[in-house]
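Below: one structure, written as C-alpha cells.
Computed from a predicted model, the values in this text were never measured in an experiment. Throughout, a chain's letter reflects where its sequence line sits, starting with A, and its residues are numbered from 1. Just so it is clear, the values below take in all heavy atoms, side chains as well, and ignore hydrogens, waters and symmetry mates.
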There are 2 protein chains.
Amino acid sequence: MQNYISKYMEIIAKNGIRNTKQKEYILLELISSSTHLTAEQIHQRVKERKIGLATIYRNLKLFESLGIVKEIPSGGTSYYELKLFARKPLHIHFKCLKCNCMTDMDDSEITMEYVRLNQKVEKKLGAEVMDADITLLGICSACKAKFK
Amino acid sequence: MQNYISKYMEIIAKNGIRNTKQKEYILLELISSSTHLTAEQIHQRVKERKIGLATIYRNLKLFESLGIVKEIPSGGTSYYELKLFARKPLHIHFKCLKCNCMTDMDDSEITMEYVRLNQKVEKKLGAEVMDADITLLGICSACKAKFK
DNA sequence: CTACCTGCAAAACGTTTGCAAGACG
DNA sequence: CGTCTTGCAAACGTTTTGCAGGTAG
C-alpha cells in the first residue's frame, strides 16, 4: 500500500511535477477504496484535511494525463479508478442502479470474453481503437440483500 | 419511416401521454439520423420550428422512461439513440475522439462476441444485469482520411 | 373545458478557471 | 527563493425546474 504510493510519487516526480500531500491523499483514497470514486466522494473523505474540490479535479485530470488514473463517465458524473499497477489492465465495470456504487466485475471468464471482443474489434478497425468503456448496469449484492 | 412514428405515437398514447408535434419532431430526428444525437444537436435541427431546449430534454427523459430511447453519457454530455424497433437491440457504440461523433459498431461477429459476454455475466449474477453501456473510443474513418 | 404540455428564464449541477496566498524542492 | 500548487470564488456548459400561457383530447 505505502509501496504503491511511492511508485506513484516516483512517476509524478519523474515528470517534473511536485509531490504534495493533497496528491498523496487523493491517491490513497483511490488505492484503499473497494469501489471507484467520484471527485465529490473523494472530497467527502478528505475535506476535513482542508482540501478544495478544485484541487481534486485538477489532480485527477493530471493523473489521467500521466496514465495513472482512468475516468469512467456514467450517469451525469465521472468515476475514477487507478490504471497503473492495477491487477486488471482491461476490465468491465458494474454500476448499481440503487446505490450508484461503481465496482469492477471480477471474473476471469468474463474478462477473457472481453479480451476476445477487444481483439475482434482491433483486428477489424486496426489501431484506431484506443480505449473502451464497458459498464454493466444492475443491482449490486448489497442492495439485493437490503431490498429483498 | 412514417410507420415508425405511428408506432411510437401509439406507445405514447397508450401511456396516457399527449401526442404533440414537438414529440414527433424529436423522434423524427432520431429516426433519420445516422449518428446518435445530443439534446443540443437535436435542438439545432428543430429550433427553426420554435421548440425550446427544455422541451427536448423533458421529452428525451420521458421517452427513456417509456423505453423508447436510451441515453449514452460520454465526455460531459449525453447522446440519445432509439431503443425500440432498432435493428440492433444490444450493440456497441463507437465514439470518435477527433469529431466526437457517436455511431454504432456494425459488425455481426463483434455483436456475437458481446452477446456471449452478456450471457456469461447474466449466468454469473442472475437477473441482476439490466443493461450495458459499451463504448469504444478511437478515430472514425472520416477523420482517419481527413488527418492522414 | 381541463389537464397536460410548452417556452422562457432562472436555478441547479458537475466541472473548470483566474487569482492571490502558500508550499515544495 | 522561484515557481508550482493550492483554496476560494466566480465562470462555465449541460441539464432541470417554476411558472404563466397554450394546446390536445
Side-chain angles (χ1 to χ4, degrees), chain A residues 5-6 8-27 29 36-66 68-80 95 100 102, chain B residues 5-6 8-27 29 36-66 68-80 95 100 102:
Chain A
I5 281 289
S6 53
Y8 289 124
M9 290 311 195
E10 205 180 307
I11 292 167
I12 290 166
K14 220 164 248 170
N15 283 78
I17 294 158
R18 291 187 181 161
N19 281 316
T20 62
K21 60 179 176 0
Q22 286 88 343
K23 291 191 179 76
E24 190 176 333
Y25 291 155
I26 294 167
L27 287 170
E29 291 302 330
H36 302 323
L37 303 172
T38 64
E40 183 53 43
Q41 286 173 333
I42 296 171
H43 188 227
Q44 288 301 320
R45 295 170 189 215
V46 301
K47 74 175 172 201
E48 73 217 7
R49 278 164 278 183
K50 289 266 172 275
I51 298 180
L53 186 54
T55 300
I56 292 168
Y57 277 109
R58 264 189 289 238
N59 280 320
L60 286 172
K61 240 180 113 179
L62 173 73
F63 294 158
E64 204 182 5
S65 75
L66 296 176
I68 293 175
V69 155
K70 177 158 162 53
E71 182 182 357
I72 314 154
S74 178
T77 185
S78 283
Y79 294 76
Y80 297 87
K95 187 180 180 187
N100 284 326
M102 166 93 65
Chain B
I5 279 289
S6 54
Y8 290 124
M9 291 310 196
E10 206 181 305
I11 293 167
I12 290 167
K14 220 164 248 168
N15 283 78
I17 295 159
R18 290 186 182 161
N19 282 315
T20 61
K21 59 178 174 6
Q22 287 88 342
K23 290 190 181 74
E24 190 176 332
Y25 291 156
I26 294 166
L27 287 171
E29 291 301 329
H36 302 323
L37 302 173
T38 64
E40 182 53 44
Q41 286 171 334
I42 296 170
H43 187 227
Q44 287 302 319
R45 296 170 190 215
V46 300
K47 73 174 174 202
E48 72 216 8
R49 279 164 277 181
K50 290 267 173 274
I51 300 179
L53 186 54
T55 301
I56 292 168
Y57 277 109
R58 264 189 289 238
N59 281 318
L60 287 172
K61 238 180 113 178
L62 173 73
F63 294 158
E64 203 181 8
S65 76
L66 295 177
I68 293 175
V69 155
K70 178 161 164 50
E71 181 182 358
I72 316 154
S74 177
T77 187
S78 283
Y79 295 76
Y80 298 86
K95 186 180 181 189
N100 285 325
M102 168 94 63

Qualifying residues under side-chain hydrogen bond (donor to acceptor under 3.5 Å, both in side chains), relative to [X], sequence neighbours excluded:
X      : result
H36(B) : E81(B), D104(B)
Q44(A) : E40(A), K47(A)
E29(B) : none

Q. Can you check the K50(B) NZ to dC5(C) C1' distance for me, whole Å?
A.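 It is 18 Å, rounded to the nearest whole Å.
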Q: Quickly work out the I56(B) CD1 to dC5(C) P distance and round it to whole Å.
A: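 Taking CD1 of I56(B) and P of dC5(C), I get 17 Å after rounding.
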Q.
Using every non-hydrogen atom in the two residues, find where P73(B) and G75(A) come nearest and quote the distance to one decimal.
A.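 Closest heavy-atom pair between P73(B) and G75(A): CG-N, 3.5 Å.
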**Q.** Considering all heavy atoms, the nearest K95(B)-N100(B) contact
**A.**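 Smallest heavy-atom distance, with atoms named: CE-OD1, 3.7 Å.
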(Q) For a quick check, with a 4.0 angstrom heavy-atom cut-off, what is the B/S/- contact string for nucleotides 17-25 of chain C, read 5' to 3'? (A) BB----BBS
Q: First locate atom CD1 of I68(A), then atom CG of L62(A), and finally report the distance between them rounded to the nearest 0.5 Å.
A: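 Here the interatomic distance stands at 7.5 Å.
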Q | Separation of I42(A) CD1 from L60(A) CG (nearest 0.5 Å) | A |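 Interatomic distance, L60(A) CG to I42(A) CD1, rounded to 0.5 Å: 4.5 Å.
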Q | V46(A) side chain reached by I56(A) side chain, heavy atoms, under 4.5 Å | A |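 Yes - at least one pair of side-chain heavy atoms lies under 4.5 Å apart.
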Q: Answer yes or no: is there a side-chain heavy-atom contact under 4.5 Å between V69(B) and I26(B)?
A: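 A side-chain contact under 4.5 Å is absent here.
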Q. Hey, is the main chain of M9(A) close enough, under 3.5 Å, to the side chain of K23(A) for a donor-acceptor pair?
A.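 No.
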Q.
I'd like to know if the side chain of H43(B) reaches the main chain of I51(B), judged simply by a donor and an acceptor atom lying under 3.5 Å from each other, with no hydrogens or angles considered.
A.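 The answer is yes, because a donor-acceptor pair under 3.5 Å joins these two groups.
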Q) Taking for each residue the nucleotide of DNA chain D with the nearest heavy atom, is it G76(B) or R49(A) whose nucleotide lies nearer the 5' end? A)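 Looking at the nearest nucleotide for each, R49(A) comes out on the 5' side.
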Q) DNA chain C in dot-bracket, Watson-Crick or G-U pairs under 3.5 Å, [ ] crossing, | other strand? A) |||||||||||||||||||||||||
**Q.** Start and end of chain B contact along DNA chain D [non-hydrogen atoms, under 4.0 Å]
**A.**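 It runs dT14(D) to dG25(D).
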Q) Looking for any heavy atom pair under 4.0 Å, which part of the strands does G16(A) touch: base, sugar-phosphate only, or nothing? A)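 Here G16(A) touches no strand at all.
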Q) So what does T38(A) hit on the nucleic acid, given a heavy-atom distance under 4.0 Å: a base, only sugar-phosphate, or nothing? A)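 Answer is nothing: T38(A) stays at 4.0 Å or more from every strand.
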